[in-house]
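The structure appears below as structure tokens.
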Amino acid sequence: MIHHGTEGGVLPANLNSDEFKGFTSYIVDGYFSFLPGPSLLWSALHDYVEFLGGIFLVLGFLTRPASLSLLMTMSAAVYFHINSTGLQGFPFGHVPNYSYDFEEPLIYACVFLMYWFNGCGGLGVDEIIYKNISKEGEEEEVETEIGTE
């Protein structure tokens, strides 16, 4: 996701790159013209969600909001692929590249759905923050109990 969020450069939303302009022209304008606002904004948002969401997911920081954002982006990718190429004979069709075009973003969407429900697990910044918050809460409870006795 981090790499994919850098259309035509090192950082997201490289407005002057051919890749970014192509994404805006052919995908956002072509398949998502129903979205309000300028397509340039939606293209940049797409890049930032994939870039920052990917970084946050790797770090386990704000895992649930990041994975929800990435889930919505991948849902849009599934929508795009189904609208552009159809179901390609799913489930029994044989396609030249041995993979339905919507298959990869659908798998990513399922992974992000899992992270949205489960969080980062034991290894991540979120887990460190939650442990520290719960320790502070326990200390306050002990102080309150001692003060009332």
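Treat the numbers as computed from the prediction; the structure is a model and nothing was measured.
Every residue meeting the ring-ring contact (aromatic ring centres under 6.0 Å, His included) condition with F23, not counting sequence neighbours, appears here in chain and number order: H46. With sequence neighbours excluded, no residue satisfies ring-ring contact (aromatic ring centres under 6.0 Å, His included) with Y48.
For the ring pair (Phe, Tyr, Trp, His ring centres under 6.0 Å) with F56, the lone residue among F51, Y115, F61 that qualifies is F61. Considering N83, I107, L106 in turn, L106 is the only one that fulfils the side-chain contact (heavy atoms from CB on, under 4.5 Å) rule with V78.
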side-chain contact (heavy atoms from CB on, under 4.5 Å) evaluation trace for F32 with F80 = CA-CA 8 Å; F32 296 93; F80 160 72; 4.0 Å; yes
Step by step, would you call M74 with M1 a side-chain contact (heavy atoms from CB on, under 4.5 Å)?
-> CA-CA 10 Å; M74 289 299 103; M1 288 296 111; 4.0 Å; yes
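Summarising the local packing, OH of Y79 is surrounded by more than 12 heavy atoms from other residues, nucleotides or ligands at distances under 6.0 Å.
Checked by atom type and distance alone, the side chain of T6 pairs as donor or acceptor with a backbone atom of H3 at under 3.5 Å.
When all heavy atoms of G5 and E50 are compared, the pair lying nearest together is N-OE1, 3.6 Å. The heavy-atom pair separating L71 from L113 by the smallest distance is CD2-CD1, 3.8 Å. Across all their heavy atoms, S43 and F20 have their closest contact at CB-CZ, 3.5 Å. The shortest non-hydrogen separation linking V49 to L70 is O-CD2, 3.5 Å. When all heavy atoms are compared, the tightest approach of S33 to D29 is CB-O, 3.4 Å. Residues A77 and P105 come closest through the heavy atom pair CB-CB, 3.7 Å.
Here the CE-CH2 distance, from M72 to W116, works out to 9.0 Å after rounding to the nearest 0.5 Å. Atom CG of residue L45 and atom OG1 of residue T73 lie 7.0 Å apart, to the nearest 0.5 angstrom. Here CG of L59 is found 10.0 Å from CD1 of I128. Values are rounded to the nearest 0.5 Å. To the nearest 0.5 Å, atom OG of residue S75 and atom CG of residue L68 are 9.0 Å apart. With values rounded to the nearest 0.5 angstrom, N14 atom CG is found 7.5 Å from D47 atom CG.
One hydrophobic cluster, built from ILVMFWY side chains closer than 4.5 Å, cannot hold both L41 and F34; they sit in different ones. Linking Ile, Leu, Val, Met, Phe, Trp and Tyr residues whenever their side-chain heavy atoms come within less than 4.5 Å places L57 and F117 in a single cluster. Cluster annotation: L62 and I133 are assigned to the same hydrophobic cluster (Ile/Leu/Val/Met/Phe/Trp/Tyr, side-chain heavy-atom contacts under 4.5 Å, transitive).
Pairs of residues two or more places apart, or lying in two chains, that qualify as side chain to side chain donor-acceptor pair (under 3.5 Å) and include a residue from residues 60-72 are T63-D126.
Considering only heavy atoms from C-beta on, Y31 stays 4.5 Å or farther from Y26 through its side chain.
Taking the six-membered ring for Trp and thresholds of 30 and 60 degrees, Y108 and F112 have nearly parallel ring planes, at less than 30 degrees apart.
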